[in-house]
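Okay, structure first, notes after.
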Amino acid sequence: RLTSQAMRAETEQDWVGAVELTKQVVRQDCSYSPWWLKLAEFQMNAGRPANAVATLSAFDARDGNEVDQRLRLRLPATRIA
């Protein structure tokens, strides 16, 4: 499985491999937010901060952002920009 391979790459500190594997995981299941965050983390570890920012921006801009929806459900009086 890709997820197991990505975690193995993380354990081995193969950041470039972890990035490539995690990209595939995100493409397959883009609704699962922890993998988006892992991808950004691995990109930072691989020395790709601009890619990490782009990943987080894309995640934030997605319709149906899971984190945003959860916050809105828990904090209905709070406006989240």
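From a predicted model like this one, the values you see are computed outputs, not experimental measurements.
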Worksheet item: Which pairs, with at least one residue in residues 9-19 and sequence neighbours excluded, count as a salt bridge (charged side-chain N to carboxylate O under 4.0 Å, His left out)?
Response: Glu10-Lys38
Worksheet item: So how far is it from Leu39 CG to Met44 CE, rounded to the nearest 0.5 Å?
Response: 12.5 Å
Worksheet entry | Contact summary for Ala18 and Ala6, nearest pair of heavy atoms | CB-O, 4.3 Å
Practice prompt. Check whether any side-chain heavy atom of Val25 sits under 4.5 Å from a side-chain heavy atom of Tyr32, and report yes or no.
Written response: no
Response to the item:
Taking every heavy atom of Val26 against every heavy atom of Trp36, the minimum-distance pair comes out as CG1-CE2, 3.6 Å
Practice prompt. Kindly write out the residues that satisfy side-chain contact (heavy atoms from CB on, under 4.5 Å) with Arg27, not counting sequence neighbours, or none if the list is empty.
Written response: Lys23
Practice prompt. List in chain and number order the residues that pass side-chain contact (heavy atoms from CB on, under 4.5 Å) with Gln28, two or more places apart in sequence or in another chain; answer none if no residue qualifies.
Written response: Leu2
Discussion item. Distance check, rounded to the nearest 0.5 Å: Phe59 atom CZ versus Trp35 atom CH2?
Written reply: 14.0 Å
Worksheet item: Do you know the tightest heavy-atom contact between Gly17 and Ala9?
Response: C-CB, 4.2 Å
Report all side-chain donor-acceptor pairs from residues 45-58 shorter than 3.5 Å, counting only partners two or more places apart or in another chain.
residue: Thr55; atom: OG1; partner: Gln43; partner atom: OE1; Å: 2.8
residue: Thr55; atom: OG1; partner: Gln43; partner atom: NE2; Å: 3.3
residue: Thr55; atom: OG1; partner: Asn51; partner atom: O; Å: 3.0
residue: Ser57; atom: OG; partner: Val53; partner atom: O; Å: 3.0

